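Shown next, in structure tokens, is the structure this report addresses.
Only a predicted model underlies this, so the values are computations on that prediction, with no experimental measurement involved.
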Amino acid sequence: QVQLVESGGGLVQAGGSLRLSCAASGIDFRVNDMGWSRQAPGKQRELLAVIDNNGRPSYADSVKGRFTISRDDAKKTVYLQMDNLNPEDAAVYYCHARGVLTTKTYWGPGTQVTVSL
């Protein structure tokens, strides 16, 4: 069974920081690209950051310079460090895994991030 479980969400003041974690099981983590997306109420899901199986990151323009994605293959965990948060960052944040060979994609259930003024 494939399972992705996000954690680290919560309430933070504007300008503050959070670090999200996503623990994976049931997949060969080293041959999966990992990523983070978010979805606010009434909006489409937005891809924020991906990091490939070789550790190469890429970012959406909306979070470039503020968010940092990283991975720990030994722990089968991907992280999203979020700095200088603003109310527009409030959303449910989702982790995903994509198999490099299979292209099969799995999603976690999400974790809520709330940003207060």
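Within the model, atoms CD of Gln81 and CG of Leu20 stand 9.0 Å from one another, a figure rounded to the nearest 0.5 Å. Remark: Gln3 CD to Lys76 NZ distance equals 11.0 Å, nearest 0.5 Å. The CZ atom of Arg66 sits 11.0 Å away from the OG1 atom of Thr68 when rounded to the nearest 0.5 Å. How far OH of Tyr93 is from CZ of Arg38: 4.0 Å, rounded to the nearest 0.5 Å. Remark: Thr111 OG1 to Leu80 CG distance equals 11.0 Å, nearest 0.5 Å. Rounding to the nearest 0.5 Å places CD of Gln44 at 12.0 Å from OG of Ser37.
In this structure a side-chain-to-backbone donor-acceptor pair under 3.5 Å is missing from Asn32 to Met34. A distance-only check finds a donor-acceptor pair linking the side chain of Glu6 to the backbone of Gly110 [under 3.5 Å]. When atom types are taken as modelled, the side chain of Asp33 and the backbone of Asn53 share a donor-acceptor pair closer than 3.5 angstrom.
Partners of Ser25 according to the side-chain hydrogen bond (donor to acceptor under 3.5 Å, both in side chains) rule, which considers only residues two or more places apart in sequence or in another chain, do not exist here. Under the rule for a side-chain hydrogen bond (donor to acceptor under 3.5 Å, both in side chains), Asn54 has no partner lying at least two apart in sequence or in another chain.
In the hydrophobic cluster analysis, where Ile, Leu, Val, Met, Phe, Trp and Tyr join through side-chain heavy atoms closer than 4.5 angstrom, Met82 is grouped together with Ile51. In the hydrophobic clustering of ILVMFWY residues, with side-chain heavy atoms under 4.5 Å counting as a link, Val50 and Tyr106 come out apart.
Contact check for Lys104 versus Ile27: no side-chain heavy atoms found under the 4.5 Å cut-off.
Of all the heavy atoms in Thr77 and Ser21, the pair that sits closest is CG2-CB, 4.3 Å. Considering all non-hydrogen atoms of both residues, Leu47 and Ala60 come closest at O-CB, 3.4 Å. For the residue pair Asp73 and Phe29, the shortest heavy atom distance occurs at OD1-CE2, 3.1 Å. Taking every heavy atom of both residues into account, Ser17 and Asp83 meet most closely at OG-OD1, 2.8 Å. Minimum heavy-atom separation, Cys22 to Leu4: SG-CB, 4.0 Å. The shortest heavy-atom contact between Ala40 and Ala91 is N-CB, 3.8 Å.
Ring geometry for His96 versus Trp107: interplanar angle of 30 to 60°, hence tilted.
In the displayed structure, Arg98 atom CZ is contacted under 6.0 Å by at most 12 heavy atoms of other residues, nucleotides or ligands.
A ring pair (Phe, Tyr, Trp, His ring centres under 6.0 Å) check over residues 45-84, counting only residues at least two apart or in different chains, returns nothing.
The only option from Leu85, Leu11, Leu18 that meets the side-chain contact (heavy atoms from CB on, under 4.5 Å) definition with Val115 turns out to be Leu85.
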